[in-house]
> 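The following block contains the structure, expressed as structure tokens.
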Amino acid sequence: MRWSQLHIPTLREDPADAEVASHRLLLRAGFIRQLMAGHYSMLPLGMRVRAKIIDIIRAEMNAIGGQEFLLPCMHPAEIWERSGRLGTVDVMFRLKDRKGADMVLGFTHEEIFTTVAAELASYRELPQFWYQFQTKFRDEARPKSGLLRVREFTMKDSYSFDLDDAGLDKSFDAHRAAYERIFARLGIPAFAAEASNGTMGGKDSLEFVCPAQAGEDLVATCPNCGYAANLERATSALPDVEDQRGPAAPARLDTPGVRTIEDLATDYGLAAGRQIKTLVQVINGQLTLVLLRGDHQLQDQKLIDAIGVSDIRPARPDEIRAALGALPGSLGAVGVTDLPVIADFALRGRRDMATGANTDDVHLTGVDVARDIQIGTWADLRAVTAGEPCPRCGTPLQLTRVIEVGHIFKLGRKFTTALGVTVLGPDGSAIVPIMGSYGIGVERAMAVIAEVHHDDAGLVWPVQVAPFEVTVVPLSAKDHAVVTTAESIYAELRAAGIEVVIDDRDERPGVKFKDAELTGIPVRVSVGSRDLADGVVDVVGRASQEKERVPVDQVVKHVQSLLATLRR
RNA sequence: CGGGAUGUAGCGCAGCUUGGUUAGCGCGCCUGCUUUGGGAGCAGGAGGGCGCGGGUUCGAAUCCCGCCAUCCCGACCA
């Protein structure tokens, strides 16, 4: 291809609205343009990278037996009604057609693939791996960071249908292995972390995450045994606490002006770890007390996962006072029998603790959790913090900021049951297939590659996903020898099957060099009159910036071996 | 959805406090000449009516009211 005829609108200055590196560079280098918040147009260079990412994912999906489909992105709302996700997922875009029929834009495709699976008839057909590359629409509360969080994007989503749990495990493991190969080939240093299933339901899920400053999630990782879990799922092995027995009954402690755990600790010598934190949440409209150790933070997703309800909000002060007779700062669960109480495991067996007395400016001490509080549900509710012992091996955990690039779920039979999918088993009885679902955000993957592979001069694409492998740069558009040599090198590289672009613009060398670096093309062949006098050209690696003088008649061979090295 | 910021040419910005001739600068773009080994120089030129809608005023990019959009933080999120 000829640069002069490609639409590559590079910018000399950083775009004002782009903060994170991938956003800034993809805009500057002319790969994408924004239409509105969370919706981006993919320009020719962006399309080439996207196509390569898709090719790699497709190859790995096919390698594990995946069959490619393409399902509609617009669906009748009725199908989502049947699975119970219609009114409950707030990122779902909804619309009506001219007849007034309710439609939705798919934010995922479990339901729709399941309608296709209704034609599966026999156990002999299972397992099935089905996948597609399809646009997803998600009405994000806050799109941000360029392609990292958008409202419209391409997802590779796949779905497995198996006869039983053992089959699902196999399908899941096959996808896990495929994902590891995919991210390795894409140049994304991702690893798997345990995660919450969120609105997908099901029991197990793994996120593939890539460490990055622009990340929105935190994962806890163990440097020793490899334990890794999203903070919304991570646990740690807290040391057991042996409390003294304490008094026979809680004692009243007047604490005028005390509103926080910290105040109580500093003013009355009651360490935060010996306090009970009482939070009031409204769960499905029901006021509920949530108890944690004073020095622990509630992890919201854990609470949602523990009770299986996502309709949760903190109670308002007026609701709290009406129910408990005090304001936050003096709340406690001692003697509360008319409200559900959920407590974190770390409070189990604790004695001689301090908590609010449900009277403003009064606390209780000497509280024995088992004796004095009626706890309905025990759960893991607290957020792990850095340095706590790994739940598997005890090594201090690290917290790492990451971007989620893939997520694989063991779904169970939620969707096949809801949509009535069965196959006949060997004995003639109906079997409900068990599902898994597996997703990779294509443009997010592109942005993550850019996050990981760039420098001060611009993008540095790994060869496998680069928009072009080589750019040939004639340093003059007028010097006959330079132009004809560059053109013949360009033709030879093309003939050798290398993806090459020739920068045939009538621009000064500096402009071409800057653009070559900004766009991140892995290899540059510079043809100038000075070197040509010696019969050589410059071959420069984008990542290494190493320059080699190569005789004109050996350029193709040299470039081929350089590309092979870069591919590794 | 709460908090903060910003909307002036394709991009980056100034002008607004203290309303006043044809709204300005840099980059980019077009033409010509000279240049051409790291974002060239000179000359000439095109392009916006200041996010949108009202209002105040003799007069509004500048003041007032409402709305919209974009970015950042938080809440939320597959």
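Everything numeric in this text was worked out from a predicted model, so none of it was measured. Lettering follows sequence order; numbering is per chain, from 1.
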> The side chain of L518(A) is closest to which nucleotide in this list: C76(B), C77(B), G39(B)?
G39(B)
> OP1, OP2 of A40(B) versus side-chain N and O of R508(A): anything below 4.0 Å?
yes
> Classify Y438(A) by what it touches in the nucleic acid, base, sugar-phosphate, or nothing, heavy-atom distance under 4.0 Å.
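Nothing, no heavy atom under 4.0 Å.
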> Determine the minimum heavy-atom distance between F513(A) and S526(A), stating which atoms define it.
CE2-OG, 3.5 Å
> Below 3.5 Å, does any donor atom in the side chain of R149(A) face an acceptor in the base of C77(B), or the other way round?
yes
> Can you tell me the base-pairing partner of G28(B)? Count Watson-Crick or G-U wobble geometry only, both distances below 3.5 Å, and say none if there is no partner.
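The answer is none; no pair meets the criterion.
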> Where the side chain of A141(A) is concerned, which of G37(B), C13(B), C76(B) is the nearest nucleotide?
C76(B)
> Kindly give the heavy-atom pair with the smallest separation between S171(A) and F129(A), and that separation in Å.
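Here S171(A) and F129(A) meet closest at OG-CE1, 3.1 Å.
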> On a whole-Å scale, what distance lies between the C1' atoms belonging to G10(B) and G48(B)?
11 Å
> Only one of F409(A), F69(A), F113(A) clears ring-ring contact (aromatic ring centres under 6.0 Å, His included) with Y159(A); which?
F113(A)
> C16(B) and G7(B): how far apart are their C1' atoms, nearest whole angstrom?
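Here C16(B) and G7(B) have their C1' atoms 14 Å from each other.
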> By nearest atom, which of the nucleotides C72(B), C77(B), G37(B) is closest to the D217(A) side chain?
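Closest of the options to the side chain of D217(A): C77(B).
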> Kindly indicate whether the side chain of R28(A) and the base of G39(B) share any N or O donor-acceptor pair separated by less than 3.5 Å?
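Counting by modelled atom types and ignoring angles, a donor-acceptor contact under 3.5 Å is found here.
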> Rounded to the nearest Å, what distance is computed from the CZ atom of residue R151(A) to the P atom of nucleotide C76(B)?
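Distance, rounded to whole Å: 20 Å.
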> For C11(B) and C67(B), measure between their C1' atoms and round to the nearest Å.
27 Å
> Please classify the nucleic acid contact of D538(A) as base, sugar-phosphate, or nothing, using heavy-atom distances under 4.0 Å.
base
> Provide the Watson-Crick or G-U wobble partner of C1(B), both distances under 3.5 Å; none if there is no partner.
G74(B)
> Out of C71(B), G39(B), U36(B), which nucleotide sits closest to the side chain of A37(A)?
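Closest of the options to the side chain of A37(A): C71(B).
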> Looking only at atom C1', what distance separates C50(B) and C63(B), rounded to whole Å?
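Between the two C1' atoms, the distance is 16 Å.
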> Given G37(B), C76(B), C13(B), which nucleotide is nearest the side-chain atoms of A16(A)?
C13(B)
> Please give the distance between the C1' atoms of U6(B) and A61(B) as a whole number of Å.
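Their C1' atoms lie roughly 15 Å apart.
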> Taking NE2 from H7(A) and P from G28(B), how many angstroms apart are they, rounded to a whole number?
17 Å
> Any strand is fair game: report the nucleotide pairing with C33(B) by Watson-Crick or G-U wobble, both distances under 3.5 Å, or none.
G41(B)
> Could you tell me how far apart D17(A) (CG) and G7(B) (C1') are, to the nearest whole angstrom?
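Result: 9 Å.
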> Measure from the side chain of S529(A), starting at C-beta and using heavy atoms only, and say which of U70(B), G37(B), C72(B) lies closest.
G37(B)
> In whole angstroms, how far is the C1' atom of U35(B) from the CG atom of D479(A)?
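About 14 Å, once rounded to whole Å.
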> Pick the nucleotide of RNA chain B nearest each of R142(A) and M36(A); which residue has the one closer to the 5' end?
M36(A)
> Of all the heavy-atom pairs spanning S158(A) and H175(A), show the shortest one and how long it is.
OG-NE2, 3.1 Å
> Do you know the tightest heavy-atom contact between L327(A) and P317(A)?
CD2-O, 3.9 Å
> Heavy atoms from C-beta onward define the side chain here; which of C71(B), G37(B), U35(B) lies closest to that of P509(A)?
G37(B)
> Measure from CG on D506(A) to P on C30(B) and round the result to the nearest Å.
11 Å
> Just the rounded figure in Å: distance from P of G12(B) to CG of L11(A).
8 Å
> Would you classify S196(A) as touching base, sugar-phosphate or nothing, given that sugar-phosphate means primed atoms plus P, OP1 and OP2, and contacts are heavy atoms under 4.0 Å?
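No contact.
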> When you check the side-chain N and O atoms of D305(A) and S196(A), is any donor under 3.5 Å from an acceptor?
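Distance-only check passes for D305(A) and S196(A).
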> For a quick test of reading the model: is some side-chain N or O of Q34(A) closer than 4.0 Å to OP1 or OP2 of C71(B)?
yes
> If I pick the C1' atom on U57(B) and the same atom on C64(B), what distance separates them, to the nearest angstrom?
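Comparing C1' positions in C64(B) and U57(B) gives a spacing of 12 Å.
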> Which label fits F208(A) and F183(A): parallel for a plane angle under 30°, tilted from 30 to 60°, or perpendicular past 60°?
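The rings of F208(A) and F183(A) sit tilted, inter-plane angle from 30° to 60°.
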> Using the C1' atom as the point on both nucleotides, what is the distance between U56(B) and G66(B), in whole Å?
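It works out to 15 Å between them.
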> Does G66(B) pair with anything, Watson-Crick or G-U wobble, both distances under 3.5 Å, and if so, with which nucleotide?
C52(B)
> For the P atoms, the ones on G12(B) and on C72(B), what distance do you get once it is rounded to whole angstrom?
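The answer is 14 Å between these two P atoms.
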> Using a cut-off of 4.0 Å on non-hydrogen atoms, how would the nucleic acid contact of E232(A) be classed: base, sugar-phosphate, or nothing?
nothing
> Looking only at heavy atoms, what is the nearest atom pair of L27(A) and R33(A), with distance?
O-NH1, 2.7 Å
> What is the base-pairing partner of A60(B), counting Watson-Crick and G-U wobble geometry with both distances under 3.5 Å?
none
> Heavy atoms only, 4.0 Å cut-off, all strands: where does R313(A) land among base, sugar-phosphate and nothing?
nothing
> Name the closest nucleotide to the V91(A) side chain, picking from C72(B), U35(B), C77(B).
C77(B)
> Check whether any side-chain nitrogen or oxygen of K144(A) sits under 4.0 Å from OP1 or OP2 of U70(B), and answer yes or no.
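For K144(A), the contact criterion (side-chain N or O under 4.0 Å from OP1 or OP2 of U70(B)) is not met.
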> Please determine whether any donor N or O and acceptor N or O are separated by less than 3.5 Å between the side chain of E13(A) and the base of G26(B).
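Indeed there is one.
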> Are OP1 or OP2 of G28(B) and a side-chain N or O of R12(A) less than 4.0 angstrom apart?
yes
> Would you mind reading off the distance between L35(A) atom CG and A69(B) atom P, rounded to a whole angstrom?
13 Å
> U17(B) pairs with which nucleotide, Watson-Crick or G-U wobble, both distances below 3.5 Å?
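No nucleotide pairs with U17(B).
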> Remember a base hit wins even if backbone is also touched, and classify E216(A) as base, sugar-phosphate or nothing at under 4.0 Å, heavy atoms.
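No contact.
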> Give one of base, sugar-phosphate or nothing for D531(A), where a contact means two heavy atoms less than 4.0 Å apart.
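The residue D531(A) makes base contact.
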> Output the distance between atom CG (N230(A)) and atom OG1 (T221(A)), rounded to the nearest 0.5 Å.
12.0 Å
> Determine if the base of G24(B) is syn or anti; take syn to mean the glycosidic torsion is within 90° of 0.
anti
> Would you kindly give the CZ-to-P distance between F409(A) and C77(B), to the nearest whole Å?
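F409(A) atom CZ is separated from C77(B) atom P by 14 Å.
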